[in-house]
Chemist: 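This is the structure I have questions about; it appears just below.
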Number of protein chains: 2
Amino acid sequence: MSGKQHSTDQETRLIEEDHHSIKLWLRLLTCSSLIEKKHLRGSLREEFNTTLPRFDFLAQLERSADGLTMGELSSRMMVSGGNATGLANQLVKEGLVERNSPPNNRRTFVVKLSPKGKKYFAKLAARHEEWMISLLGKLSDTDVRSLMRLLGKVKSEVVQPSG
Amino acid sequence: MSGKQHSTDQETRLIEEDHHSIKLWLRLLTCSSLIEKKHLRGSLREEFNTTLPRFDFLAQLERSADGLTMGELSSRMMVSGGNATGLANQLVKEGLVERNSPPNNRRTFVVKLSPKGKKYFAKLAARHEEWMISLLGKLSDTDVRSLMRLLGKVKSEVVQPSG
DNA sequence: ACGAAATATTTTATATATAAAATGTTTTTC
DNA sequence: GAAAAACATTTTATATATAAAATATTTCGT
């Protein structure tokens, strides 16, 4: 009369065993939502009148000095092409990003940071880092290192072969 | 001639010290984005023709048998009131959720799962758990436990006093 | 070199999200 | 008990996101 009952079929057993996968996922989602929605979004709007997707767009470009095609960019940002186009339109209009077709392949556009965009992003990234330090800086080095290692494992479990 | 240089002013020093807060944040965001955008969203759409916000709406109600006011709900979901209203309109229309004004306070609405909504959510939640087990189930118990503990610390760092 | 297929992006239609104003209700204050 | 303040939600206007169709260019096969 002790312990929980177990079903014998494969599918049911999976769920009844001590998997905490869904709790882990929900906690992961809670943590990133809290940071994004309760802290980062407000700061981005107040101090820079911008948004996280726009930051991400610029951050991707900052890592690629030669620029990125629209397709590469939307794939790295994990957003749709239409979304990437909309963000690019804004940022080109504001002079932060340059978008050019290379003469040898006029199907693609290559987007890159403008000089103005580079300066702007440097300031933005520095403040972003300060915000995160003030949020997470109290965690011990050991905890941060463990989290990075374990989240690395999570990441490698969930990355798709083709994505 | 060894090691990195340190500035002496407070603000610069913060950044130059060995904080990895921003890397931790970006990895956290990557993990939850990967799970949501590359796996969960597609499954929710294909198998249930629904979305994560709609799932979240129902999940919040499932935890509160007496129902929740719209304000409580939008606060727990971390979305705007207008967004909650829009989702409620859909789900009421589909008969999954009931929305009533209590006679003593007609400023508020109390929303709760309908019997149909309870059955529907039970199926949805069971599949959701299966998806997460197939994604994350290879992680060891030890790793999952460590992650839960460490993400618990992260969560307690970032929850706001009033939010 | 020509038509078909593949590729890259934008456009269109629609869903989801926010912020701020508007609406209606309850509570407080005097 | 009436006016003001506080509260809870919806509405409005707009931004952000997706999926799918449309457009345009390049590459492949013969």
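On a predicted model such as this, the values are computed, not experimentally measured, just so you know. Naming: A, B, ... by sequence-line order, numbering from 1 per chain. Side chains are part of it too, since the values below use all heavy atoms of this structure and drop only hydrogens, waters and symmetry mates.
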Chemist: Assuming nearest nucleotide by heavy-atom distance, tell me which of A:Q90 and A:P103 is located more 5' along DNA chain D.
Modeler: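 Per heavy-atom nearest nucleotide, the more 5' residue is A:Q90.
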Chemist: Report yes if some heavy atom in the side chain of B:L40 is under 4.5 Å from a heavy atom in the side chain of A:W25; otherwise report no.
Modeler: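 Yes, close enough: below the 4.5 Å cut-off.
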Chemist: Would a 4.5 Å heavy-atom cut-off, applied to side chains only, mark B:M78 and A:L34 as touching?
Modeler: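 The answer is yes, as the side chains (C-beta and beyond) meet within the 4.5 Å cut-off.
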Chemist: Please identify each residue that fulfils side-chain contact (heavy atoms from CB on, under 4.5 Å) with A:R27, with sequence neighbours left out.
Modeler: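 So A:R27 forms a side-chain contact (heavy atoms from CB on, under 4.5 Å) with A:C31, B:M148, B:L151.
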Chemist: Mapping B:N104 and B:S80 onto DNA chain C by nearest heavy atom, which one lands closer to the 5' end?
Modeler: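 Nearest nucleotide further toward 5': that of B:S80.
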Chemist: Could you tell me if the side chain of B:T51 sits less than 4.5 Å from the side chain of B:R45, heavy atoms only?
Modeler: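 The answer is yes, as the side chains (C-beta and beyond) meet within the 4.5 Å cut-off.
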Chemist: Side-chain atoms of residues 79-92 of chain B: list all donor-acceptor pairs with protein atoms under 3.5 Å, sequence neighbours left out, distances to 0.1 Å.
Modeler:
unit_1, atom_1, unit_2, atom_2, d
B:S80, OG, B:N83, N, 3.2
B:T85, OG1, B:G81, O, 3.1
B:N89, OD1, B:R99, NH1, 3.0
B:N89, OD1, B:R99, NH2, 3.1
B:N89, ND2, B:T85, O, 3.4
B:Q90, OE1, B:R54, NH1, 2.8

Chemist: Just the rounded figure in Å: distance from P of C:dA15 to NZ of B:K37.
Modeler: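 After rounding, the gap between these two atoms is 20 Å.
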Chemist: In this structure, how many angstroms lie between the P atom of D:dT16 and the CG atom of B:N83, rounded?
Modeler: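 Those two atoms, CG and P, are 15 Å apart.
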Chemist: Which of residues 46-68 of chain B have a heavy atom under 4.0 Å from DNA chain D?
Modeler: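 Listed by number, there are none.
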Chemist: As an exercise, state the distance from CE of B:M70 to CE of B:M77, rounded to the nearest 0.5 Å.
Modeler: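 It comes to 9.5 Å.
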Chemist: When you check every protein heavy atom under 4.0 Å of nucleotides 2-8 of chain C, what one-letter string (B, S, -) results, 5' to 3'?
Modeler: ----BBS
Chemist: Show the nearest heavy-atom pair for residues B:E47 and B:R127, with the distance to one decimal.
Modeler: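 In this case the closest contact between B:E47 and B:R127 is OE2-NH2, 2.5 Å.
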Chemist: Between atom CG in B:L73 and atom P in D:dT10, what is the gap in whole Å?
Modeler: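 For the pair B:L73 CG and D:dT10 P, the rounded distance is 10 Å.
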Chemist: What integer distance in Å separates B:N89:CG from C:dA15:C1'?
Modeler: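 Value for this atom pair: 14 Å.
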Chemist: Starting from P on C:dA17, measure out to CZ on B:R41 and report it in whole angstrom.
Modeler: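 My rounded result for the distance is 11 Å.
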Chemist: Between A:L44 (CG) and C:dT18 (C1'), how many Å, whole number?
Modeler: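 Atom-to-atom, A:L44 to C:dT18, this comes out as 14 Å.
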Chemist: Who are the side-chain contact (heavy atoms from CB on, under 4.5 Å) partners of B:H39, not counting sequence neighbours?
Modeler: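 Result, side-chain contact (heavy atoms from CB on, under 4.5 Å) vs B:H39: A:V158, A:Q160, B:L135.
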Chemist: Kindly write out the residues that satisfy side-chain contact (heavy atoms from CB on, under 4.5 Å) with A:K118, not counting sequence neighbours, or none if the list is empty.
Modeler: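 With sequence neighbours excluded, A:K118 shows a side-chain contact (heavy atoms from CB on, under 4.5 Å) to A:L113, given in chain and number order.
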Chemist: Among D:dT18, C:dT10, C:dT16, which nucleotide has an atom closest to any side-chain atom of A:T85?
Modeler: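 Comparing D:dT18, C:dT10, C:dT16 against the side chain of A:T85, the answer is C:dT10.
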Chemist: Taking the nucleotide of DNA chain C with the closest heavy atom to each, which residue, A:G81 or A:R45, is nearer the 5' end?
Modeler: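 Counting from the 5' end, the first nearest nucleotide belongs to A:G81.
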Chemist: Return the 5'-most residue of the pair A:M78, B:R99 with respect to DNA chain D, ranking by each residue's nearest nucleotide.
Modeler: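 Going by which nucleotide is closer to the 5' end, it is B:R99.
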